Amino acid sequence: MKQGKINGIIVGGGLVGLTAALALHQEGIAVQVFESVEEIKPLGVGINLLPHSVLNLAKLGLLDDLRKVAIETSSLAYYSADGKTIWKEPRGLNAGYEVPQLSIHRGDFHMILLKHVQQRLGVKSVKSGYHFTDLSQTNRNVTATFVDRKTGAEKDRVTADFLIGADGINSTVRQHYYPTEGAPKYSGQMLWRGVTEMDPFLDGRSMFMAGHNNLKLVAYPIRKESADRGKSYINWIAERRIPSDLAERQGDWNEEGLLNEFRGDFINWNLGWLDIKALFENAMSIHKFPMIDRDPLPKWSFDRATLMGDAAHAMYPNGSNGVSQGVLDALTFADILATRLDIIEALQAYEKVRLEPTSKIILANRQTGPEQVMQMVYEKCEGECGQQHTCISRNILEDISLKYKKLAGFDRQSVNLSA
Ligand SMILES: Cc1cc2nc3c(=O)[nH]c(=O)nc-3n(C[C@H](O)[C@H](O)[C@H](O)COP(=O)(O)OP(=O)(O)OC[C@H]3O[C@@H](n4cnc5c(N)ncnc54)[C@H](O)[C@@H]3O)c2cc1C
């Protein structure tokens with residue numbers, strides 16, 4: 001049933017807030033997005049859209065635009081630091097999915113979402129420079145207060161039938177309901193995130209991870225435009241275990257990273273098919289960000305207000321699930337709200353469907369998710385393996401990979417069944 005008469009507030013115009021706006025609009029539900037920053041800009045570096053989220057984005061009519069800018073990931077491989085293969089599997093279309101897995105620049109994705117929201121819902125549907133500070137509810141509606149972030153002056157009070165807090169890992173909506181929660185949890189690993197344009201490695205569409213829990217390198221190309229010129233716009237993450245107070249300082253995506261903070265740790269690495277020194281030294285930008293998450297919550301929905309995306313379930317990036325799970329939240333929410341008459345009941349139903357699976361992924365990612373195979377080899381290998389590690393049996397490796405896909409909802413069978 002189409003819900004022509006209800007309207008909602010989305011706090012946060014990030015990836016998930018904008019996806020939710022499109023999904024709700026598609027169901028005939030009116031929403032306005034309130035974003036804290038004055039201007040929404042294409043920030044960040046690479047992210048991965050797993051097939052289950054790509055399928056949902058295709059349902060929103062975004063697949064053509066995404067394909068024009070993203071790289072269709074062909075495979076994922078894990079290596080030890082000496083370049084020996086631990087596990088390699090096809091991904092996306094190569095693995096028989098009906099839809100691709102996409103590696104994309106966060107900013108490119110963000111701008112596609114913004115363009116579609118503005119085209120479909122109207123330019124005024126996204127209000128930037130509106131920083132959410134507080135909310136109150138009656139039994140008929142919810143009212144949110146927004147201020148100008150710079151001056152602190154109240155800007156507006158907006159009343160609607162429901163409110164979604166999609167305001168990221170440091171969500172103020174979440175804080176409203178969990179005032180004593182404090183800062184995100186730091187895993188002990190610092191991530192230096194960079195992008196470098198250089199010659200392609202492997203087939204130019206592969207994603208790899210190498211190393212172990214204390215020292216890891218992840219890289220994958222993210223821009224089709226670069227590939228069309230015979231190059232690769234490579235997103236990379238150098239990960240090392242160090243003490244840090246960045247998490248307490250709430251995790252700033254724009255904190256600058258320095259080469260000399262991590263380059264030395266990789267000096268003896270040789271994967272054979274990638275010049276790691278050139279990858280680091282020719283970076284266009286390097287930022288550092290602590291690997292942080294938040295504990296699973298017992299409850300997301302509070303009468304007419306609920307949480308979504310990182311605000312609901314910030315997780316470690318192991319397994320590339322962060323944004324994908326947020327996309328699933330958005331489509332699930334819209335689907336449920338469109339078929340229920342009672343809003344409070346709909347928000348409860350959304351929580352019932354999405355809270356438990358995402359909580360399980362948060363916990364699985366704390367055990368490094370599918371990447372645990374790298375640590376297993378690091379601990380077990382006695383140096384006798386050839387170019388392919390045989391110290392862990394293939395059955396075990398296959399089992400870990402499939403179990404994680406099932407846990408996160410992107411095993412091929414489930415995705416293709418709902419395509
Ligand atoms: C600037 C930035 C860069 C990022 N770069 C990367 C990256 O390179 N790689 C990666 O994997 N992930 C990155 N992320 C995180 C990634 O986008 C999220 O993990 C994921 O996409 C979940 O999306 P989300 O919409 O829940 O959160 P986000 O994408 O973080 O969006 C939250 C939005 O809410 C807004 N907001 C926050 N507080 C308020 C408030 N009080 N009132 C109104 N609006 C508010 C924020 O400005 C932001 O636009 C980045 C996030 C940000 C904000």
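Counting starts at 1 for both ligands and their atoms, following the listed order. Predicted, not measured: the structure shown is a model, and the values here were computed from it. Just so you know, these numbers use all the heavy atoms, side chains as well, and skip hydrogens, waters and symmetry mates.
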Exercise for the section: Distance to 0.1 Å, residue and atom name: give those for the protein heavy atom nearest to atom 31 (O) of ligand 1. Expected result: Gly14 CA, 3.4 Å
Practice task
Would you mind checking which non-hydrogen protein atom is closest to atom 17 (O) of ligand 1, with the distance to 0.1 Å?
Solution key: Arg106 NE, 2.7 Å
Exercise for the section: Determine yes or no for a side-chain-to-main-chain donor-acceptor pair under 3.5 angstrom, with His110 supplying the side chain and Gly13 the backbone. Expected result: yes
Problem - Phe410/Tyr97 aromatic ring centres below 6.0 Å - result: no
Practice task
Please work out which of the three classes, parallel, tilted or perpendicular, describes the rings of Trp300 and His313, given edges at 30° and 60°.
Solution key: tilted
Completion exercise
Contact region, Pro317 to ligand 1, non-hydrogen atoms below 4.0 Å, reads neither
Problem - Gln137 side chain vs Phe302 backbone, donor-acceptor pair below 3.5 Å - result: yes
Fill in the blank from the handout: In this structure, CD of Glu225 is separated from CD1 of Ile71 (nearest 0.5 Å) by 10.0 Å
Practice task
Report yes if some N/O of Leu43 lies less than 3.5 Å from some N/O of ligand 1; otherwise report no.
Solution key: no
Completion exercise
Quick look: Phe34 vs ligand 1, heavy-atom contacts under 4.0 Å, and the answer is backbone
Completion exercise
A student checking ligand 1 against Gly44 at a 4.0 Å heavy-atom cut-off should list atoms 3 (C), 5 (N), 8 (O)
Practice task
Say whether Leu15, considering both its backbone and side-chain N or O atoms, lies within less than 3.5 Å of an N or O atom on ligand 1.
Solution key: yes
Fill in the blank from the handout: The atoms of ligand 1 lying under 4.0 Å from a heavy atom of Ala166, numbered in the order shown, are 32 (C), 33 (C), 34 (O)
Problem - Top protein contact for atom 9 (N) of ligand 1, by heavy-atom distance - result: Arg193 NH2, 2.9 Å
Handout entry: Where at least one partner belongs to residues 139-155, residue pairs that pass salt bridge (Lys or Arg N to Asp or Glu O under 4.0 Å), sequence neighbours excluded
Key = Glu154-Arg157
Practice task
Could you say whether the N/O atoms of Ile169 and ligand 1 ever approach to under 3.5 Å?
Solution key: no
Completion exercise
Of Tyr130, Phe132, Phe109, the one whose closest heavy atom lies nearest atom 41 (N) of ligand 1 is Phe132
Problem - Nearest neighbour in protein (non-hydrogen) for atom 30 (O) of ligand 1 - result: Gly168 CA, 4.0 Å
Practice task
Could you say whether the N/O atoms of Ser36 and ligand 1 ever approach to under 3.5 Å?
Solution key: yes
Practice task
Would you mind checking which non-hydrogen protein atom is closest to atom 47 (O) of ligand 1, with the distance to 0.1 Å?
Solution key: Glu35 OE2, 2.6 Å
Problem - Cationic N near anionic O, under 4.0 Å, Asp64 to Lys68 - result: no
Practice task
Could you tell me the residue and atom name of the protein heavy atom closest to atom 12 (N) of ligand 1, and the distance to it rounded to 0.1 Å?
Solution key: Trp253 CH2, 3.4 Å
Practice task
Tell me which part of Asp167 gets within contact of ligand 1: side chain, backbone, both or neither, using heavy atoms under 4.0 Å.
Solution key: both
For residues 205-212, run the donor-acceptor check on the side chains, cut-off 3.5 Å, and write out each pair with its distance to 0.1 Å, sequence neighbours left out.
residue: Arg205; atom: NH1; partner: Glu72; partner atom: O; Å: 2.6
residue: Ser206; atom: OG; partner: Ser75; partner atom: OG; Å: 3.2
residue: Ser206; atom: OG; partner: Asp203; partner atom: OD1; Å: 2.6
residue: His212; atom: ND1; partner: Asn214; partner atom: N; Å: 3.3

Practice task
Give yes if a backbone or side-chain nitrogen or oxygen of Gly46 is under 3.5 Å from a nitrogen or oxygen of ligand 1, and no if not.
Solution key: yes
Problem - Phe162 ring center within less than 6.0 Å of Phe333 ring center - result: yes
Exercise for the section: For the pair His105 and Tyr233, name the ring-plane relationship: parallel under 30°, tilted 30 to 60°, perpendicular over 60°. Expected result: tilted
Problem - Identity and separation of the nearest protein heavy atom to atom 24 (P) of ligand 1 - result: Val16 CG2, 3.7 Å
Handout entry: NZ/NE/NH1/NH2 to OD/OE distance under 4.0 Å, Lys115 and Asp65
Key = yes
Practice task
Would you check the N or O atoms of Val45, main chain and side chain alike, for any that come under 3.5 Å of an N or O of ligand 1?
Solution key: yes
Handout entry: Sidechain-backbone polar pair: Arg174 side chain, Ala311 backbone, donor-acceptor under 3.5 Å
Key = yes
Completion exercise
Checking heavy-atom distances from atom 20 (C) of ligand 1 to each of Val327, Asp310, Ile237, the winner is Asp310
Practice task
Just need the protein heavy atom nearest to atom 11 (O) of ligand 1, so name the residue and atom and give the distance.
Solution key: Ile47 CG2, 3.1 Å
Problem - Carboxylate-amine/guanidinium contact Glu261 Arg240, below 4.0 Å - result: no
Handout entry: Between Phe262 and Trp236, ring centroids under 6.0 Å
Key = yes
Completion exercise
Going by the 4.0 angstrom heavy-atom rule, the piece of Val11 near ligand 1 is side chain
Exercise for the section: Number the atoms of ligand 1 from 1 as they appear, then name those within less than 4.0 Å of a heavy atom of Gly309, with their elements. Expected result: 26 (O)
Fill in the blank from the handout: For Gly12, the ligand 1 atoms with a heavy-atom partner under 4.0 Å come out as 34 (O), 35 (C), 44 (N)
